[in-house]
Amino acid sequence: MAAIEVTDNRAESRYEARVDGRLAGFAAYRLGTGEHDGEIVFPHTEIDSAFGGQGVGSALIRAALDDVARRGGLRVRPDCPFVAGWLDKHPDYAHLRSDPAPG
């Protein structure tokens, strides 16, 4: 498989994964307000079925969270089950979570 390129499409409020220039998936986000100020909420992740099981989702979330960490000042609220599950499997990213990991 070709390299996976992940970019932050701020106009659409989502991180996008592309393979050979083709949109392979995205992770939608919104910046928290009010009591959730300082959070970036990930409510939904979607991977095109043509790219399922090829690591696109994992690469997408890793790149998105790396970008959040680089920016600093934001905590991640993983409302999306895929993002929450990814965080559960990668404890080295636990410091980014705004919610406590289950268990």
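Positions are given from 1, in the same order as the sequence printed here. Just so we're clear, the structure is a prediction, and the values are computed from it rather than from any experiment.
Taken to the nearest 0.5 Å, the NE2 atom of His95 stands 9.0 Å off from the CG atom of Leu65. Here CD of Glu46 is found 12.5 Å from CZ of Phe82. Values are rounded to the nearest 0.5 Å.
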Carefully, step by step, assess Arg97 and Asp88 under the rule side-chain contact (heavy atoms from CB on, under 4.5 Å).
-> CA-CA 10 Å; Arg97 278 185 102 125; Asp88 292 344; 2.8 Å; yes
Assess whether side-chain contact (heavy atoms from CB on, under 4.5 Å) is satisfied between Leu23 and Asp48, documenting all intermediate values.
-> CA-CA 8 Å; Leu23 182 64; Asp48 184 309; over 6 Å; no
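Contact check on Asp8 versus Arg10 returns a salt bridge, with a Lys/Arg side-chain nitrogen under 4.0 Å from an Asp/Glu carboxylate oxygen. Under the 4.0 Å criterion applied to side-chain N and carboxylate O atoms, Asp37 and Arg75 are not assigned as salt-bridge partners. Between Asp67 and Arg71, at least one side-chain nitrogen of the basic residue sits less than 4.0 Å from a carboxylate oxygen of the acidic one, meeting the salt-bridge criterion.
Ser98 contributes no side-chain N or O that, together with a main-chain N or O of Glu39, makes up a donor-acceptor pair within less than 3.5 Å. Using modelled atom types, no side-chain atom of Asp20 and backbone atom of Arg22 make a donor-acceptor pair closer than 3.5 Å. Glu16 contributes no side-chain N or O that, together with a main-chain N or O of Glu12, makes up a donor-acceptor pair within less than 3.5 Å.
Within the 4.5 Å cutoff, the side chain of Arg62 has heavy atoms near those of the His90 side chain. For the pair Leu87/Val76, a side-chain contact is recorded, criterion being any heavy-atom separation below 4.5 Å from C-beta on. Residues Val68 and Arg70 are not in side-chain contact: their nearest non-hydrogen atoms beyond the backbone lie 4.5 Å or more apart.
In this structure, Tyr15 has its ring center no closer than 6.0 Å to that of Phe26.
Cluster annotation: Ile61 is connected to Leu31 through the hydrophobic network of ILVMFWY side chains, with a link wherever side-chain heavy atoms come within less than 4.5 Å. Cluster annotation: Val41 is not connected to Tyr93 through the hydrophobic network of ILVMFWY side chains, with a link wherever side-chain heavy atoms come within less than 4.5 Å.
Pro43 and Asp79 get closest at one heavy-atom pair: CA-CB, 4.1 Å. Scanning both residues, Ala27 and Leu60, for their nearest heavy atoms gives N-CD2, 3.7 Å. Here the closest non-hydrogen pair linking Ala59 and Val6 is O-CG2, 4.0 Å. Among all heavy-atom pairs drawn from Ile47 and Gly57, the shortest one is CD1-CA, 3.7 Å.
Qualifying ring-ring contact (aromatic ring centres under 6.0 Å, His included) partners for Phe42, counting only residues two or more places apart in sequence or in other chains: none.
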